[in-house]
2 protein chains.
Amino acid sequence: MAPTDVRGGGPRTQRTAVTAESVLDAALTLFAERGYHGTAVSQIAAALGVRTPSLYNHMTSKQELLETIVRRTLDDVHAEFDAAVAGLDAPADQLRAAVRVYARRHATHRRQALIVNRDTTSLPEPALSRMRQRRRDHETATRAVISRGIEDGSFSVGNAGLASFAILEMSVSIARWFREDGPRTAEQVADEYAEFALRVVRYRP
Amino acid sequence: MAPTDVRGGGPRTQRTAVTAESVLDAALTLFAERGYHGTAVSQIAAALGVRTPSLYNHMTSKQELLETIVRRTLDDVHAEFDAAVAGLDAPADQLRAAVRVYARRHATHRRQALIVNRDTTSLPEPALSRMRQRRRDHETATRAVISRGIEDGSFSVGNAGLASFAILEMSVSIARWFREDGPRTAEQVADEYAEFALRVVRYRP
DNA sequence: CATACTAGCTAACGCTCATAAGTTTGCCGT
DNA sequence: ACGGCAAACTTATGAGCGTTAGCTAGTATG
């Protein structure tokens with residue numbers, strides 16, 4: 001049946017190599033699709049064309065996969081936020097830039113976004129608290145931009161917290177519907193959402 | 001130890017009755033907290049102070065619990081939408097009313113909202129397709145209101161679909177952070193979000 | 001007072017899960 | 001040519017899952 005003998009010990013030769021990164025990538029796809037608890041390790045193995053125990057040559061546990069995915073994603077979010085607002089002074093410019101990168105990320109990294117939003121709570125302590133804190137930090141930073149805009153009069157919104165939640169979460173939801181082959185590019189969607197954000201805070205130049 | 005003999009056969013007398021509804025309520029709490037796949041039937045039983053198999057006197061399967069929760073919630077969403085827009089003509093009034101009830105629901109029915117958003121995909125076909133369709137119907141109806149507002153000139157937004165997604169999903173996210181004992185009531189939050197919605201579509205009276 | 005129903009219980013089943021242990025195989029550097 | 005390592009394999013383990021079966025004790029009905 002099989003064109004080459006694919007069973008038995010020894011490294012694979014005819015197949016794309018299984019590596020720590022390829023395991024993570026397969027987990028990324030499956031966790032995003034069926035959730036962490038809804039995904040069996042055996043399904044990750046099957047996606048890579050390998051028996052289940054072979055995975056443990058490239059990972060230490062299922063939980064660690066989830067933690068790595070969440071940690072990396074939150075690290076990236078923070079780095080992008082910092083890079084986006086650096087060098088900008090006006091709150092409107094900062095908010096536009098921050099929402100743009102955040103919204104774009106949720107179009108370009110859908111799987112990561114879905115997992116972080118759906119399955120972070122499946123992490124064991126103390127990782128859970130650490131990750132929650134990192135998420136809060138990002139929200140707080142966004143809120144601070146809005147607060148500064150309210151103070152200097154360029155924004156006009158009752159409560160900075162409510163607005164920052166609304167803005168961030170509407171961006172998050174892009175991951176739910178965006179399609180790479182859809183009618184709009186990630187950049188276009190990001191620009192549009194950055195505009196939405198400025199309207200929510202009632203930006204007036 | 002136990003003040004009354006609580007073991008052995010026979011119905012409980014000293015405890016609040018276990019009913020189909022109380023099972024659903026316990027499932028609601030646990031599914032919302034840990035997710036459908038993350039919740040064991042034994043945990044639902046424990047929450048009710050009962051052994052696991054006893055639950056099956058009040059339900060037929062774990063999956064049916066999820067399906068009931070999702071179906072009821074989506075039914076309610078539709079009914080509320082219809083009731084909210086009925087009798088209103090202006091797109092702005094309709095959008096405000098529709099967002100108000102949708103946002104309020106996500107504050108007052110947090111558990112249902114979290115489950116629908118997180119675990120609908122765990123439903124087996126054909127229920128999954130049915131529920132997805134019902135969700136799409138609600139989005140389409142909201143989009144139609146926005147489109148009418150664009151046509152009659154009271155709204156000014158590039159794409160009705162993008163706007164309706166953003167508005168609905170920012171409302172959904174209320175379920176993530178709202179606390180009943182927080183600084184704002186559900187009504188206040190709903191009013192604020194209805195305002196956000198009108199800003200997103202650039203409503204000008 | 002007998003009967004039937006309700007709603008608990010214990011026990012057990014068949015599965016699947018994540019993970020461990022130990023074995024086999026092919027390639028690479030010497 | 002060969003020894004060792006990397007990475008696959010098979011097999012196994014113990015725990016937990018959802019669910020069924022069969023039993024028992026109170027409660028309501030006649």
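Just so it is clear, the values below take in all heavy atoms, side chains as well, and ignore hydrogens, waters and symmetry mates. Residue numbers begin at 1 in each chain, while the letters A, B, ... track the order of the sequences. Note that this is a predicted model, so its numbers are computed, not measured.
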Taking atom [atom2] of [N] as reference, at what distance in whole Å does atom [atom1] of [X] sit?
{"X": "A:Leu48", "N": "D:dA7", "atom1": "CG", "atom2": "P", "result": "14 Å"}
{"X": "B:Leu55", "N": "C:dC9", "atom1": "CG", "atom2": "C1'", "result": "13 Å"}
{"X": "A:Glu64", "N": "C:dA18", "atom1": "CD", "atom2": "C1'", "result": "14 Å"}

Does [Y] offer a backbone N or O that forms a donor-acceptor pair with the side chain of [X] under 3.5 Å?
{"X": "A:Lys62", "Y": "A:Tyr36", "result": "yes"}
{"X": "B:Gln112", "Y": "B:Val116", "result": "no"}
{"X": "A:Arg110", "Y": "A:Phe178", "result": "yes"}

Is the closest basic N to carboxylate O distance between B:Arg72 and B:Asp75 below 4.0 Å?
->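 No, no charged N to carboxylate O under 4.0 Å.
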Decide, yes or no, whether a salt bridge links B:Arg143 with B:Glu139 under the criterion of side-chain N to carboxylate O below 4.0 Å.
->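 Judged by the 4.0 Å cut-off on N to carboxylate O distance, B:Arg143 and B:Glu139 do form a salt bridge.
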B:Ser54 side-chain N/O to C:dA7 phosphate OP1/OP2 under 4.0 Å |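 No.
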Give a yes/no on whether any side-chain N or O of A:His58 is located under 4.0 angstrom from OP1 or OP2 of D:dA6.
->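 The answer is no; no side-chain N or O of A:His58 sits under 4.0 Å from OP1 or OP2.
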Run through A:Arg105, A:Arg104, A:His138 and flag the one making a side-chain hydrogen bond (donor to acceptor under 3.5 Å, both in side chains) with A:Glu80.
->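 That would be A:Arg105.
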Side-chain donor/acceptor of A:Asn57 to base of D:dA6, under 3.5 Å =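 No, the side chain and the base share no sub-3.5 Å donor-acceptor pair.
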Under the side chain to side chain contact (heavy atoms under 4.5 Å, CB included) test, residues paired with B:Asp82 that sit two or more places apart |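 Listed in chain order: nothing, the list is empty.
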With the side chain counted from C-beta on, respond yes when B:Ile44 and B:Leu65 share a heavy-atom pair under 4.5 Å apart, and no when they do not.
->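 B:Ile44 vs B:Leu65: side chains touch.
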Of residues 22-34 of chain B, the positions that come close to DNA chain C - non-hydrogen atoms, cut-off under 4.0 Å |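 Correct list: empty, so none.
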Tabulate atom names and distances for all N/O pairs under 3.5 angstrom spanning the protein and nucleotides 17-21 of chain D.
unit_1 : atom_1 : unit_2  : atom_2 : d
D:dG18 : OP1    : B:Thr39 : O      : 3.4
D:dG18 : OP1    : B:Val41 : N      : 3.2
D:dG18 : OP1    : B:Lys62 : NZ     : 3.1
D:dG18 : OP2    : B:Val41 : N      : 2.8
D:dT19 : OP2    : B:Tyr56 : OH     : 2.6
D:dT19 : OP2    : B:Lys62 : N      : 3.1
D:dT19 : O5'    : B:Tyr56 : OH     : 3.3

